There are 2 protein chains.
Amino acid sequence: MQTPPQTPPRMNATEQAYQAIRKEILTGRLEEGERLTETRLSDDLGMSRTPIREAIGRLILEGFVERQGGYTTRVAHFPEDEAEQVYEIRRLVECYSVQRAAKLATEEDIAALREIHAQMRRDTPPGDEAAYERLTSANEAFHRTIVAAARSPRLTALMTTALDVGMVVRTYSMFSARDLERSLAHHAEIIEAIEARAPDWAASVMSAHLLAGAWRVSVRSGGRRTEGEKADD
Amino acid sequence: MQTPPQTPPRMNATEQAYQAIRKEILTGRLEEGERLTETRLSDDLGMSRTPIREAIGRLILEGFVERQGGYTTRVAHFPEDEAEQVYEIRRLVECYSVQRAAKLATEEDIAALREIHAQMRRDTPPGDEAAYERLTSANEAFHRTIVAAARSPRLTALMTTALDVGMVVRTYSMFSARDLERSLAHHAEIIEAIEARAPDWAASVMSAHLLAGAWRVSVRSGGRRTEGEKADD
DNA sequence: TGCGCGTTATTTGCATACAGACTAGGCAGG
DNA sequence: CCTGCCTAGTCTGTATGCAAATAACGCGCA
């Protein structure tokens, strides 16, 4: 069984470039403020400048990259309270989404959510790096699916920005086993609320879910990113 | 005196193409579902395919255009309740923005808002098409300035999408003199609330402002777009 | 008449070339 | 030593060419 709302990974060069550059930024290999040049990137990634340009354009719209003056392109600077802001915004958008989803979700949507959830459950004992990768991307898929289930193309477009940015936070806060357990409980309850067609219930859980994440982040980092402190205990 | 948050209109070809195509869609000259080809657009706009491609890429991200299969590009289909959804989303984002703005806005931000407001006041007696154009774009600038004053790059990125989409609604609902008067009153009150550093007050007015807009739209159109019914009485 | 298939014509994706705009670095003058 | 200008080098914006993928069309067949 597959997850229908997910884009089948038909990766053209532009998409590849986008994913690659974004990942470099999210993992911190490309540092804040670092200068990007299309030529160097096209060399590094082994493709021409055209797909690089398109990828960078997208990253600029999403706020990961910024132009400075006419001819310099830099990795965007993320302010101290970035994480809190992101969670605040996500809370706005996703609570609304899940309310709509509770009214409009189809059986397929719910099945997809269940599937993702089961997948995350299986990966729960977090050990290796790969499992962590799968968990975070599954988590992202979960939230994306909910937004998609809200059946509002505008919300979906919005989430392209907001959720991607949410991943910035990923580097800041790694799941602890206990946090992960709670996240999964939240997810399960959200699914239940959607199935029950209970918008307010769903929204409340989502709100808690994201506030818990925000709090975890702010505590972990004390407002500052503490490099290398992967709390995957 | 200038409005600093506005981008100086240095229009390269890509930007021109983006503006042009978007306008065609917003005004309905390009109908929903109509097929777009890069070649035709580049001919029409008198430039090469490259800037057209970038413009289309942006419009896809924003949800104005969609790809269908591998090789067809169409003007996106806007669902019936588009307008309501857009206002709902804007309400989420802008109420939050104005709350932050009430805390963080600088004197320059407030001056900019005042300036835009005065400009709109001067244009108030709505007569010709040009004045209407100025009003709507000033209105957009007003809302953008508030979001910018919230000092959250993420919100700004989000608004790029949300506000643009809000403009789709523009075609649906034209201001009546009375609506315009009320809008201006709201704007004035919002400025006052920001100056008073009263986040909740500001948010409440913003909420009313956008709900009034949404209501106007849904009544005007009865849920359906009524072409040519410009109520600029 | 309706359906399926093969061929032609479009259309996009990517690569490359070139010109203009900007940045950086050094040199001269104060 | 600092400041301003000039020059060389770099980077982006745009145009154009080519190949692969797809869509459109028409024909044969049931």
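Keep in mind the model is a prediction, meaning the values are calculated, not measured.
- Considering B/His117, B/Arg121, B/His209, B/Arg114 in turn, B/His209 is the only one that fulfils the side chain to side chain donor-acceptor pair (under 3.5 Å) rule with B/His187.
- Look at CG on B/Asp43: it is 11 Å from P on D/dT16, rounded to the nearest Å.
- Within the nucleic acid shown, A/Leu41 has no heavy atom closer than 4.0 Å to any nucleic acid atom.
- Using a 4.0 Å heavy-atom criterion, one finds that B/Thr50 contacts the bases of the nucleic acid, with or without backbone contacts as well.
- One can place CD of A/Glu54 at 14 Å from C1' of D/dG13, the figure rounded to the nearest angstrom.
- Within the 4.0 Å cut-off from OP1 or OP2 of D/dA15, at least one side-chain nitrogen or oxygen of B/Ser48 is found.
- Rounding to whole angstrom units, CD of residue A/Gln68 and C1' of C/dC22 are separated by 12 Å.
- Mapped onto DNA chain D by nearest heavy atom, B/Thr72 and B/Thr14 fall at different nucleotides, with B/Thr14 at the one closer to the 5' end.
- Contact annotation for B/Leu36: backbone-only contact, meaning every heavy-atom pair under 4.0 Å involves sugar-phosphate atoms and none involves a base.
- Within the nucleic acid shown, A/Arg40 has no heavy atom closer than 4.0 Å to any nucleic acid atom.
- Residues A/Tyr96 and B/Ile89 approach most closely at CE2-CG1, 4.2 Å, considering heavy atoms.
- Projected onto DNA chain C by closest heavy-atom contact, A/Pro51 and A/Arg74 fall at different nucleotides, the more 5' of which corresponds to A/Pro51.
- Between the side chains of B/Thr73 and B/Arg67, a donor-acceptor pair is found at a separation under 3.5 Å.
- Contact annotation: B/Arg67 side-chain N/O to C/dG13 OP1/OP2 distance is under 4.0 Å.
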Next item on the list: Verify side-chain contact (heavy atoms from CB on, under 4.5 Å) between B/Arg74 and B/Val65, making sure each step is shown before the conclusion.
Entry: CA-CA 6 Å; B/Arg74 297 186 178 285; B/Val65 171; over 6 Å; no

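- Atom CD in A/Glu38 sits roughly 16 Å away from atom P in C/dA17 (whole-Å rounding).
- Phosphate contact (OP1/OP2 of C/dT10, side-chain N/O of B/Arg49, threshold under 4.0 Å): absent.
- The phosphate of C/dT10 has neither OP1 nor OP2 within less than 4.0 Å of any side-chain N or O from B/Thr39.
- Rounding to whole angstrom units, CD1 of residue A/Ile60 and C1' of D/dG13 are separated by 13 Å.
- Judged by distance alone, with hydrogens and angles left aside, A/Tyr71 brings no side-chain donor or acceptor close enough to the base of D/dG13 to form a pair under 3.5 Å.
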Next item on the list: List the steps and the verdict of side-chain contact (heavy atoms from CB on, under 4.5 Å) for A/Asn12 and A/Glu15.
Entry: CA-CA 5 Å; A/Asn12 48 17; A/Glu15 188 67 19; 3.0 Å; yes

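- If you take CG on B/Leu41 and CG on B/Leu30, they are separated by 7.5 Å, rounding to the nearest 0.5 Å.
- A sub-4.0 Å separation between OP1 or OP2 of C/dG13 and a side-chain N or O of B/Arg53 is present.
- If you take CD of A/Glu15 and C1' of C/dT12, they are 16 Å apart, rounded to a whole angstrom.
- Closest to the A/Ala13 side chain, of the nucleotides C/dC14, C/dA24, D/dT14, is C/dC14.
- Rounded to a whole Å, the CD1 atom of A/Ile52 is 11 Å from the P atom of D/dT12.
- Remark: C1' of D/dG13 and CE of B/Met47 are 12 Å apart, rounded to the nearest angstrom.
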